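Just so it is clear, the structure is predicted and the values come from calculations on it, not from any experiment.
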Amino acid sequence: MVDRDSVARFPENDFRLRQDSSYNRASKTPEDTEGWFNNFDRNTDDRHHNFIRIEENHGRKEWVVMEHEGPGVLTRFWAPWRSQTKAETNITLRFYLDGDSEPALEGNMFDLFQGNGLIPFPLAHQSLRSAVSFFPIPYAKGCKVTMSDHPFFFQFTYRDYADDVNVKSFTMDDFHEAKATIDSTCKSLLDPRLPRQGEPISFNQTLAPGAEHSIDLPGNLHGSEAAIRKLSLKLADDDDPAVTRSVVLKINFDGKETVWCPIGDFFGSGIGLNPLEGWYRTVTDDGTMTCRWVMPYQTSAAVSLVNLGEMPVDAQLNVNVSDWQWDDRSMYFHAGWRGQYPVATRPYSDWNYITTKGRGVYVGDTLTIMNPVEKWWGEGDEKIWIDGEEFPSIFGTGTEDYYGYSWGGVSTDFYEHPFHAQPRSNVYNKLNRKTTNERNTQGYSVETRTRSLDTIPFASSLQLDMEVWSWSDCDMGYGVGAYWYGFADTTSNRKPDAAEVLNVPPLPDTDAAQTTSTFKNAVEINAEIVISKSDNIVLRPQNLKRLKLKGSWNLDNQLLFKNAQIGDVVEIRIPASSTVPAKSPAAETLTLHATKAQDYGILNFSVNGKPVGKNVDFFTAEKATSYRPIVLGTFNPVDSVYVLRVEVVGKNPKSKGALFGLDCVSIGPADGPADGLADGLADGPATPPKE
């Protein structure tokens with residue numbers, strides 16, 4: 001894990017990296033766009049089947065979430081908190097190796113993999129609202145992983161070796177005997193700085209607009225080939241954050257240019273100075289950017305900086321080179337970049353990071369997003385095809401899950417880890433930490449991930465796409481730096497693109513972007529909090545301002561329950577107010593905000609099993625508009641939540657359908673006895689009209 005040289009050589013024992021996850025099983029082919037972009041990637045009750053199977057072991061029910069026959073090794077595990085506010089679970093995770101009926105490792109899922117239990121930090125750690133582990137679990141003949149209850153979201157990434165590869169299976173005895181190695185690995189990961197290796201080759205230059213400056217690196221040191229071991233860059237203080245986009249790093253190895261990437265995307269900072277500390281890269285508070293990828297070459301190399309901006313830039317570059325023994329597994333380091341603005345979020349689409357041809361190993365990426373609205377942008381899944389396969393070996397559950405955290409709408413704080421980080425989100429970074437529970441993902445977000453034991457080898461090709469799946473219909477900005485190793489004839493579709501480098505996505509005008517209205521203490525109704533629904537219902541977020549409708553909606557959005565029919569039922573999880581003490585929850589008053597339209601139906605409501613509204617008719621003969629606020633009543637939360645149940649009981653004879661659209665639930669202080677019925681809700685007839 002901490003041998004940087006090994007990543008620069010093609011694996012001696014080749015493997016296919018695979019992933020078992022809770023991706024939606026309706027996603028089968030890009031030709032079926034509705035299924036391909038189906039985003040219900042979780043399991044919350046018996047109706048959901050985004051896992052392998054359910055079986056009984058020793059008289060207990062277990063959900064199989066990962067299964068592989070043959071030699072391999074688990075290299076990464078990720079699972080989110082079930083609650084946005086509590087890092088706890090009752091789920092037991094069991095690892096059955098080589099067909100054994102008894103697990104080789106078992107324990108509480110979060111106790112094992114949040115870095116404060118059996119697996120130490122940073123091999124396991126508590127990310128933003130997630131448990132993530134990079135601790136390797138090898139097996140000789142096969143591996144099966146089970147959970148003791150419905151698996152919410154999950155990802156298990158593993159190496160699939162050929163049958164003749166000899167792997168020694170994990171045992172607890174070996175785990176305890178390896179304590180010294182585990183401890184030294186953790187220490188190395190948390191102290192990634194390299195000892196000085198050779199005299200640095202450097203320049204300190206003012207780069208005029210359009211200027212390029214290069215340094216040639218020595219080759220054949222002491223009779224052997226050479227490798228870049230460390231590359232550091234510092235720009236003079238500059239108030240323009242776009243300088244990290246407009247200054248481009250170029251590297252040429254043995255006559256071939258393999259690196260062309262804006263420095264922010266290369267070092268993981270994105271647009272602007274966003275400090276971070278990782279195993280391969282460090283960006284310090286004073287703006288020094290350092291990379292520790294090993295970059296071997298045989299005879300010659302040159303490193304260049306290009307200023308594509310309109311202002312001069314003072315730059316200091318240092319490169320450390322030392323010996324390298326070239327062999328038939330040695331590869332060249334590559335870094336390419338793609339940017340695009342605008343990127344429409346409707347219809348849903350897959351956005352290509354990179355497509356390669358030839359043989360190599362994929363080792364990481366940095367994504368910079370510009371989101372013009374407050375709503376969460378990152379529900380899209382990664383889809384990675386290896387060597388022309390028909391279905392991706394790696395199909396994820398969300399962009400934030402790929403980058404090692406969860407609950408992206410609220411997880412806008414800075415975090416860092418040796419192999420992944422969120423250097424910036426909204427206005428927050430390492431120098432400006434988040435102190436509130438606001439849900440605002442507007443502006444730039446920078447996500448980065450690098451790989452060690454979970455590198456992705458490819459023999460003939462690799463294609464990595466990230467699904468564009470935002471809760472708003474808007475135009476976003478995307479930029480990605482991708483890193484991989486390849487042989488001399490390996491190519492990719494990432495080419496220099498100076499024009500797009502200068503097409504920096506503009507930050508939104510927050511004054512102009514103010515929504516029509518914002519309801520106090522509102523919980524926005526979106527697919528994340530829908531815990532169950534009839535199968536025929538399709539959840540469709542809508543921006544009602546873009547539809548030019550008149551009315552009053554929280555953040556101008558609603559969730560449309562498309563294809564709803566009479567008899568359908570939906571359950572929605574409403575978190576109690578954060579001001580309610582967890583041990584003595586206070587009663588609160590809930591008010592529902594919704595929409596009425598020409599094709600909407602008649603609904604019944606209940607909260608925590610208590611009926612609160614009967615035969616509420618959401619039909620209007622006029623153009624769709626907001627329905628008057630519906631005071632559901634005063635309730636005590638159960639386990640810090642309220643469950644809002646919605647049943648479609650009929651439709652107005654004049655209505656074209658039985659759809660419905662819900663905006664938000666605002667939560668206020670109790671204004672009556674708890675769990676009492678709300679009065680005066682029924683605008684429609686006393687009983688559902690006959691069809």
Side-chain angles (χ1 to χ4, degrees), residues 19-24 38-45 48 50-51 63 65-66 74 76-93 107-117 119 121-122 124-135 145-157 376-382 394-417 419-422 425 434 437 439 441 445 447 449 454 466-467 469 471 523 526-532 573 575 578 639-641:
Q19 181 170 281
D20 286 351
S21 76
S22 59
Y23 81 92
N24 195 292
N38 190 315
N39 208 254
F40 195 93
D41 295 333
R42 60 188 183 274
N43 305 278
T44 53
D45 59 42
H48 308 142
N50 297 326
F51 51 88
W63 282 255
V65 290
M66 179 266 175
L74 277 165
R76 180 182 182 265
F77 163 71
W78 166 90
W81 300 355
R82 187 80 174 246
S83 164
Q84 296 186 36
T85 58
K86 296 180 181 178
E88 61 186 29
T89 184
N90 293 322
I91 288 180
T92 297
L93 203 57
N108 178 280
M109 181 166 64
F110 288 175
D111 289 348
L112 279 176
F113 294 126
Q114 293 203 118
N116 49 16
I119 310 301
F121 180 83
H125 76 115
Q126 179 177 305
S127 184
L128 286 180
R129 295 172 171 82
S130 290
V132 188
S133 173
F134 293 91
F135 183 80
V145 183
T146 70
M147 293 186 183
S148 62
D149 203 346
H150 296 90
F152 190 35
F153 291 82
F154 62 86
Q155 294 181 0
F156 291 88
T157 308
W376 173 232
W377 54 266
E379 291 297 333
D381 308 333
E382 82 274 13
I394 298 174
F395 200 125
T397 56
T399 309
E400 79 274 38
D401 313 342
Y402 176 82
Y403 288 108
Y405 67 104
S406 61
W407 295 106
V410 69
S411 294
T412 51
D413 196 10
F414 163 86
Y415 86 93
E416 65 182 6
H417 176 270
F419 295 125
H420 54 120
Q422 180 170 253
S425 184
K434 185 177 179 181
N437 290 321
R439 300 175 65 94
T441 63
S445 291
E447 321 290 343
R449 176 176 176 181
D454 61 335
M466 189 65 73
E467 188 179 324
W469 212 110
W471 288 106
V523 175
N526 55 48
E528 290 181 358
I529 63 173
V530 175
I531 56 178
S532 68
R573 181 181 183 276
S578 59
D639 294 331
S640 299
V641 301

Problem set entry | Residues in salt bridge (charged side-chain N to carboxylate O under 4.0 Å, His left out) contact with Arg449, at least two apart in sequence or another chain |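 Salt bridge (charged side-chain N to carboxylate O under 4.0 Å, His left out) list for Arg449, sorted by chain: Asp454.
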
Rounded distance (nearest 0.5 Å) linking atom [atom1] of [X] with atom [atom2] of [Y]:
X      : Y      : atom1 : atom2 : answer
Leu128 : Tyr415 : CG    : OH    : 6.5 Å
Asp149 : Asn43  : CG    : CG    : 10.5 Å
Thr157 : Asp20  : OG1   : CG    : 9.0 Å
Thr92  : Asp111 : OG1   : CG    : 9.5 Å
His48  : Ile531 : NE2   : CD1   : 9.5 Å
Gln19  : Phe154 : CD    : CZ    : 9.5 Å

Can you name the residues that form a ring-ring contact (aromatic ring centres under 6.0 Å, His included) with [X], not counting sequence neighbours?
X      : value
Trp469 : Tyr348, Trp471
Phe134 : His417, Phe419, His420
Phe395 : Tyr23, Trp36, Phe391

Problem set entry | Val132 and Phe77: CA distance, side-chain angles, deciding distance, side-chain contact (heavy atoms from CB on, under 4.5 Å) verdict | CA-CA 6 Å; Val132 188; Phe77 163 71; over 6 Å; no

Output yes when a side-chain donor or acceptor of [X] lies under 3.5 Å from a complementary backbone atom of [Y], and no otherwise.
X      : Y      : result
Asp381 : Gly398 : yes
Thr399 : Gly380 : yes
Gln422 : Asp413 : yes

Are side-chain heavy atoms of [X] and [Y] found at a separation under 4.5 Å?
X      : Y      : answer
Glu528 : Trp407 : yes
Asn50  : Phe40  : yes
Glu416 : Pro122 : no
Pro80  : Asp401 : no
Leu93  : Met147 : yes

Looking only at heavy atoms, what is the nearest atom pair of [X] and [Y], with distance?
X      : Y      : answer
Asn38  : Asn24  : OD1-ND2, 3.0 Å
Trp377 : Thr441 : CD1-OG1, 3.7 Å
Ser640 : Lys86  : OG-NZ, 4.0 Å
Thr412 : Lys434 : OG1-NZ, 2.6 Å

Problem set entry | Stepwise side-chain contact (heavy atoms from CB on, under 4.5 Å) test for Arg439 and Gln84 | CA-CA 12 Å; Arg439 300 175 65 94; Gln84 296 186 36; 3.1 Å; yes

For this session: Dump the intermediate steps for side-chain contact (heavy atoms from CB on, under 4.5 Å) on Ser127 and Glu400, then the final yes or no.
Result: CA-CA 11 Å; Ser127 184; Glu400 79 274 38; over 6 Å; no

Problem set entry | For Gln155, all residues meeting side chain to side chain donor-acceptor pair (under 3.5 Å), sequence neighbours excluded |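 Partners of Gln155 under the side chain to side chain donor-acceptor pair (under 3.5 Å) test: Arg76, Thr397.
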
Seminar exercise, completed: Ser130 meets the side chain to side chain donor-acceptor pair (under 3.5 Å) criterion, sequence neighbours left out, with Trp78, Ser406

For this session: Could you go through the side-chain contact (heavy atoms from CB on, under 4.5 Å) check for Arg82 and Thr89 one step at a time?
Result: CA-CA 7 Å; Arg82 187 80 174 246; Thr89 184; over 6 Å; no

Exercise. Just wondering, are more than 12 heavy atoms of other shown residues or ligands nearer than 6.0 Å to CG in Asp45?
Worked result: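 Yes, CG of Asp45 has more than 12 neighbouring heavy atoms, counting only those of other groups under 6.0 Å.
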
Exercise. Among side-chain atoms of Gln114 and Trp81, is any donor-acceptor pair under 3.5 angstrom?
Worked result: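 On atom types as modelled, these side chains qualify, holding a pair under 3.5 Å.
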
Exercise. Does the side chain of Glu447 come under 3.5 Å of the side chain of Tyr405 through a donor N or O and an acceptor N or O?
Worked result: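 Per modelled atom types, Glu447 and Tyr405 side chains form a pair under 3.5 Å.
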
